[in-house]
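Inspection log for the structure reproduced underneath, given as structure tokens.
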Amino acid sequence: MTFDSWESAVAEIRTRISACDDEQKAFAASLGVEISNAVPRTVAAARLQSAVERRCGLCPKKSGEIRLGHLAELAEEASHEFPNPTSAAETQAWIEYFYLKRRMEALARLRLRKGDVIRTTSPSNQINTISSIGNDGIVYFTGGGARSWPDRLTVVARINESTPESERARRIAANQASARSTTGRWSVEKQESLRDFRISENASHEDYVNLRDVVESAVDERPIQDLLQRSPQLLGSLLRGPRRYCIPKPNLGGTFVPDFLLAEVDSNGVHWILVELETPNSSIRMSTVNDFEVHARRGVGQIYEWRQWLQDNIAYARQYRENSGLGLHDIRADPKGMVLVGRRSLLHPQERHLRRQLYERSQIEMHTYDWLLEQLEGALQFEGPWALNPYALKFDEH
């Protein structure tokens, strides 16, 4: 049983740790067991259980030294005399009593409610939003799978509080909840929300020729961007999943606008890749220094910035479009990236090592436009099952 407010949870715990009732005392008297009015009902139940076991000729399990030591620590912390339990069950009941008492006091002090934003002081030090409170005092957080005891929490923002600091805390909590709640399962609802961006056909030979001609004549990336935006099946042909999507110029909260965002869906869920186009009239490596040329370096920097934005706004990015989100379902904060820049004739002999290091370190592929044309040509000529297409991009983050 869970509750939306601390009052209900405290009332439930108070009942559980209240003094033993008349029925328990009457039963104890029939067994020849003495139970004082100060004994909590949970402890009384354990003591009665042990008495019944003895009456039946059984020997109740004795408490170990470690459990007794733990009980002594809890009793001292609560300024309660050591209760001297007579069995392992009674020891456990006393331990449960002291923990419940501690949680009840913490809930009454913090006055927690559903929607409050809190910080866990131990062990994770994370910010979360409360979804409910259990009848044993445990506090559940939105996003699924996360919870904590109230004595390990501090309040960051109340549900009705509206300040820049509280809004920032809610955004952080929402991001963490979204990261926890990713299921990886594709659904009809997710598919429908991206319907406008689905690639329903493969590129044709004519599409390939058009791209080749544009690449050959382009002085910068803009005409290539325009053609790929008009013919999204070109980039879509690099994907092998049964459901493929190409989103041109996705607006990341009015802050960043990647050139393309690709996605494919398979049995492992959805896989996203950020695509940045740079000028074809550039090398990749600087001629005198073992580093990327300025355009290649700028492309990598863009992907880093987009990833940072996703990390700071992952809940908003994953939210359905009809709920004022971006509809980038289950996207990670660090999706794969790809930078297209330069021509093969402009490459430096040592650039391959730089590109390999970049991919191993950051999961960012860097290719020339000649590579793009070769991959598309190979994909168009491949006649086997599309999922086995060797010219398609490979996603292995799941």
Side-chain angles (χ1 to χ4, degrees), residues 117 119 125-129 142-143 156-157 163-184 190 193-194 196-197 221-222 225 228-229 232 235 239 245-265 269-278 292 294-341 358-367 393 395 397-398:
V117 180
R119 183 189 300 276
N125 193 34
Q126 290 188 336
I127 295 177
N128 292 286
T129 302
T142 58
V156 176
T163 64
E165 292 77 14
S166 64
E167 293 305 317
R168 178 177 179 275
R170 288 191 184 91
R171 184 172 66 252
I172 294 173
N175 288 338
Q176 294 182 352
S178 181
R180 287 194 302 270
S181 64
T182 300
T183 64
K190 292 177 180 178
S193 71
L194 289 174
D196 294 342
F197 307 106
E221 69 276 11
R222 283 176 292 184
Q225 162 81 39
L228 292 176
Q229 188 165 337
L235 289 178
L239 306 174
Y245 302 89
C246 178
I247 305 177
K249 296 289 185 180
N251 190 324
L252 301 185
T255 305
F256 299 107
V257 182
D259 289 327
F260 293 95
L261 192 51
L262 304 179
E264 70 173 28
V265 181
V270 60
H271 313 265
W272 295 90
I273 182 168
L274 295 159
V275 180
E276 166 67 5
L277 306 184
E278 292 290 336
F292 288 114
V294 60
H295 295 92
R297 202 161 59 241
R298 182 174 62 190
V300 173
Q302 291 273 51
I303 291 177
Y304 284 151
E305 288 182 337
W306 302 337
R307 285 175 172 176
Q308 183 62 55
W309 185 91
L310 285 169
Q311 180 175 325
D312 295 340
N313 300 274
I314 194 68
Y316 167 57
R318 291 175 171 176
Q319 186 66 263
Y320 281 81
R321 293 172 182 269
E322 51 266 37
N323 293 331
S324 301
L326 297 185
L328 308 180
H329 307 297
D330 298 326
I331 192 170
R332 294 168 29 155
D334 58 344
K336 282 191 172 183
M338 183 169 66
V339 178
L340 293 171
V341 58
L358 174 67
Y359 182 77
E360 292 174 350
R361 181 178 66 248
S362 305
Q363 292 289 287
I364 298 175
E365 298 185 35
M366 184 174 292
H367 298 293
L393 296 172
F395 293 88
E397 66 262 32
H398 288 274

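Note: hydrogens, waters and symmetry copies are ignored here, and every other heavy atom, side chains too, is used.
No donor-acceptor pair under 3.5 Å is formed between the side chain of Asp330 and the backbone N or O of Val270. Judged by distance alone, with hydrogens and angles left aside, the side-chain atoms of Ser166 form a donor-acceptor pair with the main-chain N or O of Thr163 at under 3.5 Å. Of the possible donor and acceptor atoms, one in the side chain of Asn313 sits under 3.5 Å from a partner among the backbone N and O of Trp309. Of the possible polar contacts, none joining the Arg321 side chain to the Gly327 backbone as a donor-acceptor pair under 3.5 Å is found. Of the possible donor and acceptor atoms, none in the side chain of Trp306 sits under 3.5 Å from a partner among the backbone N and O of Asp334.
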Could you please spell out the steps behind the side chain to side chain contact (heavy atoms under 4.5 Å, CB included) verdict for Tyr320 and Lys190?
-> CA-CA 8 Å; Tyr320 281 81; Lys190 292 177 180 178; 3.3 Å; yes
Residues Arg307, Ser362; criterion side chain to side chain contact (heavy atoms under 4.5 Å, CB included); working and verdict = CA-CA 11 Å; Arg307 285 175 172 176; Ser362 305; 4.1 Å; yes
May I have the step-by-step check of side-chain hydrogen bond (donor to acceptor under 3.5 Å, both in side chains) for Ser178 and Tyr316, ending in yes or no?
-> CA-CA 9 Å; Ser178 181; Tyr316 167 57; over 6 Å; no
Test log, rule side chain to side chain contact (heavy atoms under 4.5 Å, CB included), inputs Phe197 and Cys246 = CA-CA 5 Å; Phe197 307 106; Cys246 178; 5.9 Å; no
Verify side chain to side chain contact (heavy atoms under 4.5 Å, CB included) between Ser324 and Gln319, making sure each step is shown before the conclusion.
-> CA-CA 7 Å; Ser324 301; Gln319 186 66 263; over 6 Å; no
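Among residues at least two apart or in separate chains, side-chain hydrogen bond (donor to acceptor under 3.5 Å, both in side chains) pairs with a member in residues 245-263 are Lys249-Asp259.
With contacts defined as side-chain heavy-atom distances shorter than 4.5 Å, the pair Arg361/Leu358 qualifies. Side-chain contact between Pro258 and Glu276: absent, with no pair of heavy atoms (C-beta onward) separated by less than 4.5 Å. A heavy-atom distance below 4.5 Å is found between the side chains of Gln308 and Gln311. In this structure, the side chains of Phe292 and Met366 come closer than 4.5 Å at one or more pairs of heavy atoms. A 4.5 Å side-chain heavy-atom check between Val117 and Asn128 finds every atom pair outside the cut-off. For the pair Ile247 and Trp272, the minimum side-chain heavy-atom distance is below 4.5 Å. Between Leu277 and Val341 there is no side-chain heavy-atom pair separated by less than 4.5 Å. Within the 4.5 Å cutoff, no side-chain heavy atoms of Gln126 are placed close to those of Arg119.
For the atom pair CG (Leu261) and CD1 (Ile273), the distance works out to 9.5 Å, reported to the nearest 0.5 Å. Atom CD in Glu278 sits 11.5 Å away from atom CZ in Arg297 (nearest 0.5 Å). A distance of 9.5 Å separates CD of Glu264 from CG of Leu262, quoted to the nearest 0.5 Å. To the nearest 0.5 Å, atoms CZ (Arg318) and CG (Asn323) are separated by 15.5 Å. To the nearest 0.5 angstrom, Gln229 atom CD is 10.5 Å from Leu235 atom CG. From Leu252, atom CG reaches atom CG of Asp312 across 12.0 Å, with rounding to the nearest 0.5 Å.
The heavy-atom pair separating Leu274 from Ile303 by the smallest distance is O-CD1, 4.2 Å. Of all the heavy atoms in Leu239 and Ala263, the pair that sits closest is CD1-O, 3.3 Å. Residues Ala169 and Ile127 approach most closely at O-CG2, 3.7 Å, considering heavy atoms. The two residues Leu326 and Ala317 make their nearest non-hydrogen contact at CB-O, 3.5 Å.
A salt bridge between Glu365 and Lys336 is absent, with no side-chain N of the basic residue lying under 4.0 Å from a carboxylate O of the acidic one. Residues Arg168 and Glu165 are not paired through a salt bridge, judged by the lack of any N-O separation under 4.0 Å between the basic side chain and the carboxylate.
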